[in-house]
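Please read the structure below before turning to the comments.
What you see below is based on every heavy atom in this structure, not just the backbone, and it leaves out hydrogens, waters and symmetry mates. What you see is a predicted model, and the numbers here were worked out from it, not measured in a lab.
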Amino acid sequence: MDYLPIALGLFTLFIFVLIVFLASRYRRCPSNQILAVFGRVEARKSVKCYHGGGTFVWPLIQDYRYLDLTPMTINIPLKGALSMQNIRINVPSTFTIAIDTAPEAMNNAAIRLLGLRRNEIESMATEIIFGQLRLTVASLTIEQINQDREKFLEAIRKNIDSELQKIGLTLINVNITDITDESGYIESIGKKASSTAINQAKVDVAEQEKKGAIGESSAQKERRIQVAQFNAEAVEGENSAKAKIASYNADLAEKEANARQRGEVASQLALAEIQKAKAQAETRRLEAEQVVPREIEKRKVEIDAEAEAEKRRKTARGEADAIVSVRTAEAEGFQKVLKAKAEGYQALVASAGDNARDAATLLLIEKLENLVRLQTEMIRNIKIEKVTVWDSGNSDKGSSTANFLSSMAKTLPPLHDVARMAGVELPDFLGNLKTAGELKPEKPPEPRPAAPRTEKPDEPPRLKPEKRPT
């Protein structure tokens with residue numbers, strides 16, 4: 001824990017030293033100078049120039065210098081320069097030059113002018129200007145140099161600026177003060193031009209005076225003729241003008257009528273278009289207010305009907321599928337039940353020694369209990385509210401009440417009759433039916449004295465059923 005503050009302090013000191021080092025190696029370039037960094041800069045380059053901004057200059061492998069962009073004024077007292085006519089002339093002039101800021105020119109200046117003092121640069125530029133100025137004068141005549149100064153200056157710029165670019169300089173301005181010659185040729189040209197101008201002026205004056213006198217006489221003659229002609233032409237012109245005015249008025253009236261007609265037609269057409277637009281707007285409004293809602297309602301009804309029909313179709317399809325599934329399941333279940341019964345019957349017949357009649361007898365014996373229960377249920381469920389028996393008192397045939405109950409009991413089929421109707425013979429241990437000869441008449445019961453009973457006046461007398469001996 002004691003080393004942590006020391007490590008932090010050393011790291012902070014290292015960062016501070018690094019920042020100071022980087023700040024000390026960063027070189028900014030002013031706007032009136034060129035920063036030339038030389039040493040190890042880029043491949044195939046010995047120097048790299050910056051105009052504005054800045055860059056890092058690394059020690060040991062790089063160094064830098066500044067090139068001043070301040071313009072330099074050079075006076076060129078050119079004397080005795082030969083022209084194209086071999087006439088020596090004096091061309092005193094002043095040139096303003098400076099280091100160029102174009103990339104190629106900056107590199108040329110850094111290569112050829114770096115480390116030179118200002119006067120040395122001016123001396124080098126003076127020699128270049130002297131040579132190119134003499135060459136320019138030699139390519140022109142005295143008249144071209146003296147009369148067309150713009151062309152002369154353009155030739156100087158073209159020849160000198162291209163040579164200055166080779167050492168990184170550019171020509172800013174050229175000012176020629178005066179051009180003279182030692183033989184007085186330029187002065188003679190001036191005098192000749194002056195004399196020619198004076199003489200030509202005198203001739204022009206005399207010619208103009210002559211022309212003035214002749215012109216005056218001719219002018220008077222022409223004036224009189226012209227006045228008469230002008231008067232005649234004036235009258236003719238007035239008449240023609242009146243005719244033209246009348247024609248113009250007629251054309252104007254016709255054009256006004258046509259314009260009014262077109263205006264009326266356009267107005268009626270516009271009114272018709274307005275009415276048509278109103279009718280269309282009213283039609284669209286009625287459609288929007290009445291037809292569209294009804295169409296929407298109609299479409300809604302159609303959509304609802306289609307949805308309901310689709311719902312019913314799907315419901316019916318689902319119900320049909322459900323019914324088909326239920327019926328299929330019932331059929332499969334019934335088929336399985338029948339198959340199970342067939343297998344059970346087959347096993348029952350096999351257990352009965354392959355005797356189908358004995359197997360049917362066994363099945364009927366299983367159902368006898370249910371048949372007997374059904375017979376007893378038939379009697380038990382009969383409700384007798386009132387039974388009226390008129391007893392004749394004939395004891396030979398038994399009492400009427402006993403005969404009634406006996407007949408009622410005989411309405412139920414006996415067990416052997418039920419089995420016979422089913423085509424089954426019961427085994428012997430269940431007994432046999434007696435024939436008619438084997439039956440013995442039963443001894444009729446002795447009549448009993450009738451018990452006294454009370455009868456309601458509104459109801460018929462009720463007879464109590466007699467008990468039949470079992």
Side-chain angles (χ1 to χ4, degrees), residues 31 51-53 100-104 147-151 153-154 157-158 161 170 172-173 204 207-208 211-325:
S31 59
H51 179 221
D100 197 359
T101 56
E104 185 177 357
Q147 295 176 3
D148 195 353
R149 293 293 180 93
E150 292 296 329
K151 185 176 180 181
L153 292 176
E154 184 65 27
R157 288 178 180 275
K158 183 179 178 181
D161 193 53
T170 183
I172 298 175
N173 185 34
D204 291 340
E207 186 68 26
Q208 292 300 323
K211 289 180 179 180
I214 296 172
E216 184 179 359
S217 300
S218 178
Q220 291 178 357
K221 175 184 176 182
E222 291 293 332
R223 181 177 65 80
R224 293 176 63 185
I225 295 172
Q226 291 294 331
V227 167
Q229 290 180 353
F230 287 155
N231 290 330
E233 290 177 358
V235 175
E236 183 182 1
E238 289 178 357
N239 295 332
S240 178
K242 289 179 180 179
K244 289 182 179 180
I245 290 172
S247 177
Y248 291 156
N249 290 332
D251 293 339
L252 179 61
E254 183 180 359
K255 291 179 180 179
E256 288 179 351
N258 292 331
R260 284 194 299 271
Q261 181 181 3
R262 289 197 299 271
E264 291 294 333
V265 172
S267 177
Q268 294 300 323
L269 290 175
L271 183 61
E273 291 295 331
I274 291 172
Q275 295 297 329
K276 184 178 179 181
K278 287 183 178 179
Q280 291 178 355
E282 184 66 21
T283 303
R284 292 192 184 96
R285 185 184 66 80
L286 292 176
E287 288 179 356
E289 292 180 356
Q290 298 181 8
V291 177
V292 174
R294 292 181 181 178
E295 288 292 335
I296 293 173
E297 187 66 25
K298 177 182 176 182
R299 184 59 181 165
K300 182 179 179 182
V301 170
E302 292 177 357
I303 293 172
D304 293 341
E306 291 177 0
E308 184 65 25
E310 185 65 22
K311 179 180 178 182
R312 290 182 179 180
R313 284 194 295 270
K314 290 183 178 180
T315 302
R317 192 180 297 112
E319 291 178 354
D321 293 340
I323 292 171
V324 170
S325 299

Indicate the atoms forming the closest heavy-atom contact of Arg313 with Glu306, along with that distance.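 Shortest heavy-atom contact: NH2-O, 4.4 Å.
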Which heavy atom in Ala288 sits nearest to a heavy atom in Pro293, and how many Å separate them? O-CD, 3.3 Å
Contact between [X] and [Y] at the side-chain level, heavy atoms closer than 4.5 Å - yes or no?
{"X": "Asn173", "Y": "Arg157", "answer": "yes"}
{"X": "Thr170", "Y": "Asp161", "answer": "yes"}
{"X": "Val235", "Y": "Asn239", "answer": "yes"}
{"X": "Arg317", "Y": "Lys314", "answer": "yes"}

Heavy atoms of other groups near Glu150 CD, more than 12 under 6.0 Å: no
Count the heavy atoms of every other residue, nucleotide or ligand shown that sit under 6.0 Å from CD of Glu104, and state whether that count exceeds 12.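 No - once you tally the heavy atoms of other residues, nucleotides and ligands closer than 6.0 Å, there are 12 at most.
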Report the distance from atom [atom1] of [X] to atom [atom2] of [Y], rounding to the nearest 0.5 Å.
{"X": "Lys255", "Y": "Arg260", "atom1": "NZ", "atom2": "CZ", "result": "14.0 Å"}
{"X": "Asn258", "Y": "Glu256", "atom1": "CG", "atom2": "CD", "result": "10.5 Å"}
{"X": "Glu310", "Y": "Thr315", "atom1": "CD", "atom2": "OG1", "result": "9.5 Å"}
{"X": "Asp251", "Y": "Lys244", "atom1": "CG", "atom2": "NZ", "result": "12.5 Å"}

Result of checking Glu302, Arg294, Lys300 against Lys298 for side chain to side chain contact (heavy atoms under 4.5 Å, CB included): Glu302
Examine distances only and state if a side-chain atom of Ser325 and a backbone atom of Asp321 form a donor-acceptor pair shorter than 3.5 Å.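 Such a contact is found between Ser325 side chain and Asp321 backbone.
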Is it true that a side-chain atom of Thr283 and a backbone atom of Ala279 form a donor plus acceptor pair closer than 3.5 Å? yes
Between Arg299 and Glu295, is the salt bridge (charged side-chain N to carboxylate O under 4.0 Å, His left out) condition met? List the steps. CA-CA 6 Å; Arg299 184 59 181 165; Glu295 288 292 335; over 6 Å; no
According to side chain to side chain donor-acceptor pair (under 3.5 Å), does anything in residues 268-282 pair up with another residue at least two apart or in another chain? List the pairs. Glu282-Arg285
